Amino acid sequence: QVQLVESGGGVVQAGGSLRLSCAASGRNFRNGYMGWFRQAPGKEREFVATTSRNGGSTYYSDSVRGRFTISRDNAKNTVTLQMNSLQPEDTAVYYCAVGMGVITSTLRNADAYGYWGQGTQVTVSS
């Protein structure tokens, strides 16, 4: 059974940092893109960041570039998201996702990811 389990969410003041982790089990995702999406109340799920199969390429949304860093460890089947300089607008449920058929043109599209975690809440207070 494939599972993606996120951890590391919580409440932080503006300007603070959090580190999200996602542990995958049930299969090896070495050949998939591993990424993060988020969904704020009343809004659609949006792309945050993703990393290519070997971790050599990383992609970010404009709103988090320069503040967030994504990384993966294929040996451990994990992906992490280091979030710095957090702002109230970063408040959302953050989801880990893995896509086995992701290509460059689809990597920001949630529909390209077939495996999802249950989500972890991040709340940034002003």
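Counting from 1, the numbers follow the sequence of the chain as shown. Given the structure is predicted, the values throughout are model-derived calculations rather than measurements.
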Under 3.5 Å, is there a donor-acceptor pair between the [X] and [Y] side chains?
{"X": "Glu44", "Y": "Gln39", "result": "no"}
{"X": "Asp73", "Y": "Ser71", "result": "no"}
{"X": "Thr50", "Y": "Tyr113", "result": "yes"}
{"X": "Tyr60", "Y": "Arg67", "result": "no"}
{"X": "Gln121", "Y": "Thr123", "result": "yes"}

When hydrophobic residues are tied together by side-chain contacts of less than 4.5 Å, even through go-betweens, does Trp116 share a cluster with Tyr94?
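No, because Trp116 and Tyr94 fall into different hydrophobic clusters, even though each may have its own neighbours under 4.5 Å.
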Are Val98 and Leu81 connected in a single hydrophobic cluster, I mean Ile/Leu/Val/Met/Phe/Trp/Tyr linked by side-chain heavy atoms less than 4.5 Å apart?
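Result: yes, single cluster for both.
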With side chains defined as the heavy atoms from C-beta onward, is the minimum distance between [X] and [Y] less than 4.5 Å?
{"X": "Phe29", "Y": "Leu4", "answer": "yes"}
{"X": "Phe47", "Y": "Leu107", "answer": "yes"}
{"X": "Phe68", "Y": "Gln82", "answer": "no"}
{"X": "Asn31", "Y": "Met100", "answer": "yes"}

Could you tell me whether Arg53 sits above the aromatic face of Tyr33, with NZ or CZ closer than 6.0 angstrom to the six-membered ring centre and within 45 degrees of the axis?
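No, cation not above the ring by the 6.0 Å, 45° rule.
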Is Glu6 reaching over with its side chain to a backbone N or O of Gly119, donor-acceptor style, under 3.5 angstrom?
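Yes, the answer is positive, given that a donor and an acceptor are paired below the 3.5 Å cut-off.
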Listed partners of Ser7 passing side chain to side chain donor-acceptor pair (under 3.5 Å), at least two apart
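Partners of Ser7 by the side chain to side chain donor-acceptor pair (under 3.5 Å) criterion come out as none, since no residue qualifies.
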